[in-house]
2 protein chains.
Amino acid sequence: MAETAGNGRTGTKGAQLRSYLLGLIEGELKPHEKLPTERDLAETFGVTRLTVRRALDQLGYEGRVYRTQGAGTFVSEPRIAKSVELTSFTQDMRARGLVPGSLDTMVEEIPAGAEIGARLALSPRDLVAHISRVRTADGEPMCIENTYVPAKLAPGLAARGITGSLYQMLTETYHLKIEKAEQSIHATVLDPPLAKLLGVPEFSPAFKVLRVAYDAKNQRIEYAESVYRADRYSYDFVIFRTSRDNTN
Amino acid sequence: MAETAGNGRTGTKGAQLRSYLLGLIEGELKPHEKLPTERDLAETFGVTRLTVRRALDQLGYEGRVYRTQGAGTFVSEPRIAKSVELTSFTQDMRARGLVPGSLDTMVEEIPAGAEIGARLALSPRDLVAHISRVRTADGEPMCIENTYVPAKLAPGLAARGITGSLYQMLTETYHLKIEKAEQSIHATVLDPPLAKLLGVPEFSPAFKVLRVAYDAKNQRIEYAESVYRADRYSYDFVIFRTSRDNTN
DNA sequence: GCAAGTGAGTGGTATACTCCAATTGCACGG
DNA sequence: CCGTGCAATTGGAGTATACCACTCACTTGC
């Protein structure tokens with residue numbers, strides 16, 4: 001339970017090493033500079049090389065370093081984006097250097113109905129908390145968000161209301177930690193009422209994002225339908241070839 | 001060089017194990033069924049548990065299995081999509097069960113110019129092969145693709161012309177293997193000429209995708225600008241929380 | 001009958017060691 | 001002076017072993 005925030009002497013040796021390495025990557029070292037060798041790190045930290053490798057491998061997976069056999073491990077160029085990471089709107093905007101906010105927040109408890117029920121694997125009669133809000137960045141409307149959370153998982157959420165980050169509330173109040181999400185992005189145009197809410201011309205292009213979020217136990221926590229204005233939003237990410245299959 | 005396609009007794013023990021496990025996942029086992037325990041696999045394959053773990057861990061990263069301490073390793077539900085994987089149009093369409101094709105293919109060798117040059121880190125005067133085509137799925141236009149490849153990396157490409165998959169050609173003829181790509185997705189609407197090419201109403205919604213692709217040595221291989229019709233295309237993928245940071 | 005407790009079995013982390021494969025720089029020879 | 005080749009270095013793969021943390025089914029006791 002004593003999990004301190006991010007960097008420090010937390011948890012396993014591997015995790016400590018990871019923190020140290022992240023510090024190097026984001027601090028002292030510039031892109032394409034060489035990290036200490038595995039053997040050096042192992043010795044100076046008093047751990048096995050395997051432990052070092054696990055930490056470095058993970059950073060490799062995440063694209064923060066790249067490794068070349070015979071040469072060494074090097075810092076990757078800063079990633080242009082990290083939209084493949086699972087984030088809340090709040091986190092996402094902060095990462096872009098904008099101040100997140102909400103307008104017209106509305107919370108109600110309603111039966112799931114056919115569609116929402118299907119998305120959350122509930123009976124249509126089961127209750128869900130429906131949170132509707134216009135999300136803003138630096139005060140400007142960015143997206144319209146409709147979120148549904150099974151009432152069973154977050155009792156009293158509708159009554160309590162939402163102030164800041166829903167994800168934060170789910171974690172702290174209900175101990176629901178989202179670990180995974182399936183997301184589907186569509187391109188669309190804004191019909192007049194939505195355009196008005198977002199303050200853009202009618203029929204402007206927009207993203208429609210559908211998302212089902214799960215916790216570590218594969219329990220469905222949230223279904224969200226969001227509409228983002230396309231003039232201020234894009235999805236930027238890095239993708240990798242997934243080993244196997246040379247079938248072009 | 002003798003890399004056989006996918007499954008089989010290729011390469012390292014870890015890779016062989018991976019193939020075996022993939023076979024199980026895609027064959028015998030249904031979602032949420034339990035895989036053999038790490039210790040069992042280690043014994044029956046005559047390898048260490050650590051080797052087994054590496055194989056299973058990787059499958060875990062890729063979302064094909066999920067692991068629960070104390071319980072076991074289980075097959076994940078089939079993924080709704082794999083758009084976070086790096087694929088060519090050809091592969092992507094095949095994965096969706098459609099037959100890929102091309103119309104109006106045009107190849108020319110031109111100076112990069114300011115924008116393309118910047119994207120590929122070339123001088124504006126350096127030559128690039130420009131491939132322009134309308135990509136089809138089951139004969140229907142799906143997207144308009146403009147691809148640029150540095151002429152130095154693929155000499156004679158313009159003369160040779162493109163028949164099927166550009167990626168296949170790059171791999172087989174020029175030994176350029178794309179490993180990584182930065183991708184940026186925007187929502188837009190189709191202006192009349194593009195709409196006509198794709199056979200949809202003017203001002204229909206569409207995705208605009210910009211992509212810079214790199215090989216293992218971080219050499220820029222390709223810059224591509226594609227426009228997809230939104231009525232037949234969506235981006236579906238799974239995202240994960242990236243450990244660290246509880247800062248919601 | 002039902003809840004609490006416990007233990008076997010599972011994945012998670014770590015040590016200590018070995019050999020292989022790719023890279024790179026330096027010395028040596030043409 | 002250039003390049004060829006060798007040797008040191010670095011990451012990659014693997015073995016053998018130990019102990020920890022969590023889960024879950026079964027037993028036990030009320």
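Numbers restart at 1 for each chain; the letters A, B, ... are given by sequence-line order, proteins then strands.
Distance CD (A/Q58) to P (D/dG12): 15 Å, rounded to an integer number of Å. Rounded to whole angstrom, the span from the CZ atom of B/F74 across to the C1' atom of D/dC22 amounts to 12 Å.
Nearest-nucleotide positions on DNA chain C place A/G14 closer to the 5' end than the other of A/G14 and A/R39. The residue among B/P36 and B/L50 whose nearest nucleotide of DNA chain C lies closer to the 5′ end is B/P36.
On a pure distance criterion of 3.5 Å, no polar donor-acceptor pair joins the side chain of B/R54 and the base of D/dG12.
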Base contacts versus sugar-phosphate-only contacts with protein, heavy atoms under 4.0 Å: please encode nucleotides 4-9 of chain C as B, S and - from 5' to 3'.
-----B
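Set against C/dA14, C/dC19, C/dG12, the side chain of A/R49 has C/dC19 as its closest nucleotide. Between C/dG12, D/dG14, D/dT15, one nucleotide has an atom nearer to the side chain of B/T48 than all others, and that is D/dT15.
Contact annotation for B/G60: no contact, since no heavy-atom pair falls under 4.0 Å across all strands. Residue contacts shown for B/L56 are absent, as no nucleic acid heavy atom lies under 4.0 Å away.
Other residues, nucleotides and ligands place more than 12 heavy atoms under 6.0 Å from the CD atom of A/E33.
Of the charged side-chain nitrogens involved, at least one lies within less than 4.0 Å of a carboxylate oxygen, so that B/R18 and B/E62 count as a salt-bridged pair. With respect to the salt-bridge test (charged N to carboxylate O, under 4.0 angstrom), the residues A/R39 and A/E43 do not qualify.
With hydrogens and angles disregarded, no donor-acceptor distance shorter than 3.5 Å links the side chain of B/T48 to the backbone of B/L50. Although no hydrogens or angles enter the test, the distance criterion places no donor-acceptor pair under 3.5 Å between the side chain of A/Y148 and the main chain of A/G117.
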Nucleotide N/O to protein N/O under 3.5 Å, stretch nucleotides 4-6 of chain D:
none

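In this model, no donor atom of one side chain and acceptor atom of the other lie less than 3.5 Å apart for B/R64 and B/S76.
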